[in-house]
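Report on the following structure.
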Amino acid sequence: MRRLPPLGALRAFEAAARHLSFTRAAAELCVTQAAISHQVRALEQWLGRELFVRRGHALALTHKGQAYLDELSLAFDRMAAATEQAREHREGPLRITALPSFASRWLLPRLPAFRQRHPEIEFRVASSARLWPGDDEFDLGIRSGLGRWPGLKSDLIAREYLSPVCHPRLAEGPPALSEPADLANVMLLHDEPRAAWRQWCELARVSLDLTQGVQFSDAALVLQAAADGAGVALGRLMLAADDLRAGKLVRLFDQVLPNDYSYWLVSSRTAAQRPDAQAFRAWLLEEARKSRLSPALAKR
């Protein structure tokens, strides 16, 4: 059972603390200034501590009052968003946003299979590297992260691993790329964050000049450059899986670096209840399981 003070007192305090004025809080909530003052006093008595420092007509928050305001503002924002979602009855296509690299390298080639399975579902896909805040712009988002987006539902699509990959001809040489130290003889292709190569070198116990090479802002671009023979990329194995199976890329060495970030399907809890969203989720997770490339596979 939650032990909470009256909601009216919380609303009065949050408005007064945000404005640092009982008068403006009263105007916002359409009550009298005396009512705001009474509610705030009642809340302070309930908590057993003062939330404001009163200097005549001026208000300032105590340290505890500021901390309380920060948490309450988040809670009220969440309640407002949940209320709008609960009131809303929206029909239309399922709106999906995906990271550009994930969309181009993994999702788009598989969408015809989803269309074949669910011809009755209309959907739209947009690619964006911007973190999806969970507003009404999209129903589902595919993002890379730790799986913690407050207020949103997250389903793990796949964990990510990194390992050097390149075109088969580049691997064969000359010079042949037989061991990690041989990477000193080729161009390195850098994805963001650039520190990943350093971490892989520590794992492989090899020292390379990581200042050389070409920097790319997108994981799909770095994999395409590797498939074109431009150099060796520290490839994200999930995104490289199709090219590895097709022989367009080869994985060079046994050392595989686990990525802290994984791929997640993110949605508001309201959007997650849509039948079309549930169908897409089931299909997506099934496809991820089928296409998952074991780090032990696809090594030449």
Side-chain angles (χ1 to χ4, degrees), residues 1-2 4 7 10 14 70-111 113-161 219-220 236-239 241 258-293:
M1 179 178 178
R2 294 185 178 92
L4 296 172
L7 180 60
L10 293 176
E14 193 273 340
D70 292 342
E71 294 297 327
L72 281 181
S73 294
L74 291 174
F76 277 117
D77 288 344
R78 292 271 302 279
M79 285 191 288
T83 300
E84 285 303 310
Q85 290 171 356
R87 292 176 57 192
E88 177 189 65
H89 178 68
R90 187 190 63 77
E91 296 181 354
L94 182 66
R95 300 162 304 171
I96 304 162
T97 172
L99 293 168
S101 56
F102 190 94
S104 63
R105 298 287 303 188
W106 194 93
L107 182 61
L108 294 184
R110 290 170 171 79
L111 282 179
F114 177 71
R115 169 68 74 190
Q116 186 175 10
R117 179 179 294 187
H118 294 285
E120 77 284 2
I121 295 179
E122 183 183 358
F123 61 90
R124 295 176 182 170
V125 178
S127 65
S128 173
R130 179 177 60 87
L131 286 177
W132 177 45
D135 56 20
D136 185 46
E137 190 175 353
F138 297 104
D139 300 304
L140 299 174
I142 297 173
R143 289 293 177 262
S144 175
L146 300 176
R148 297 192 292 266
W149 287 274
L152 300 178
K153 185 178 184 296
S154 303
D155 290 295
L156 178 65
I157 299 172
R159 302 202 179 278
E160 187 60 282
Y161 299 90
R236 301 170 189 264
L237 293 186
M238 182 175 186
L239 302 187
N259 195 354
D260 291 337
Y261 279 20
S262 302
Y263 292 108
W264 300 83
L265 180 66
V266 184
S267 64
S268 71
R269 298 193 179 276
T270 301
Q273 300 305 311
R274 288 183 52 160
D276 51 1
Q278 293 176 350
F280 184 85
R281 173 187 178 276
W283 169 83
L284 180 71
L285 299 184
E286 178 186 338
E287 283 293 314
R289 285 192 296 270
K290 289 192 303 185
S291 66
R292 191 167 297 146
L293 186 74

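FYI, side chains are in, hydrogens and waters are out, and symmetry mates aren't considered; it's all heavy atoms of this structure.
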What pair of heavy atoms forms the shortest contact from [X] to [Y], and how long is it?
{"X": "Ala271", "Y": "Ala277", "result": "O-CB, 3.4 Å"}
{"X": "Arg115", "Y": "Ile121", "result": "NH1-O, 2.9 Å"}
{"X": "Pro100", "Y": "Ser127", "result": "CA-CB, 3.9 Å"}
{"X": "Gly147", "Y": "Ser154", "result": "O-OG, 3.5 Å"}
{"X": "Ala288", "Y": "Met238", "result": "CB-CE, 4.4 Å"}
{"X": "Ala219", "Y": "Arg236", "result": "CB-NE, 3.4 Å"}

Partner residues of Leu156 under the side chain to side chain contact (heavy atoms under 4.5 Å, CB included) criterion, sequence neighbours left out =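 Applying side chain to side chain contact (heavy atoms under 4.5 Å, CB included) to Leu156 gives Arg159, Ser262, Trp264.
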Validation row: [X], [Y] side chains within 4.5 angstrom (heavy atoms):
{"X": "Leu284", "Y": "Ile142", "answer": "yes"}
{"X": "Leu285", "Y": "Ile157", "answer": "yes"}
{"X": "Glu160", "Y": "Tyr261", "answer": "no"}

To the nearest 0.5 Å, how far apart are CG in Leu94 and CD in Glu122?
->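 Between atom CG of Leu94 and atom CD of Glu122 there are 10.0 Å.
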Got a sec, which pairs hit salt bridge (Lys or Arg N to Asp or Glu O under 4.0 Å) with one end in residues 96-111, sequence neighbours left out?
->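 Every pair satisfying salt bridge (Lys or Arg N to Asp or Glu O under 4.0 Å) with a residue in residues 96-111: Arg105-Asp243, Arg110-Asp242, Arg110-Glu287.
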Within a reach of under 6.0 Å around CD of Gln116, are more than 12 heavy atoms found that belong to other residues, nucleotides or ligands?
->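 Not more than 12 within 6.0 Å, no.
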Go through the structure and list residues passing side chain to side chain donor-acceptor pair (under 3.5 Å) with Gln273, not counting sequence neighbours.
->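 Not a single residue meets the side chain to side chain donor-acceptor pair (under 3.5 Å) criterion with Gln273.
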Would you check, one step at a time, whether the test side chain to side chain contact (heavy atoms under 4.5 Å, CB included) holds for Leu99 with Trp106?
-> CA-CA 10 Å; Leu99 293 168; Trp106 194 93; over 6 Å; no
Hey, does the side chain of Arg281 reach the backbone of Asp276 with a donor-acceptor pair shorter than 3.5 angstrom?
->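 No, because the side chain of Arg281 does not come within donor-acceptor range (under 3.5 Å) of the backbone of Asp276.
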With Phe123, the ring pair (Phe, Tyr, Trp, His ring centres under 6.0 Å) member among Phe138, Phe280, Trp283, Phe114 |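 Of the listed residues Phe138, Phe280, Trp283, Phe114, the ring pair (Phe, Tyr, Trp, His ring centres under 6.0 Å) partner of Phe123 is Phe114.
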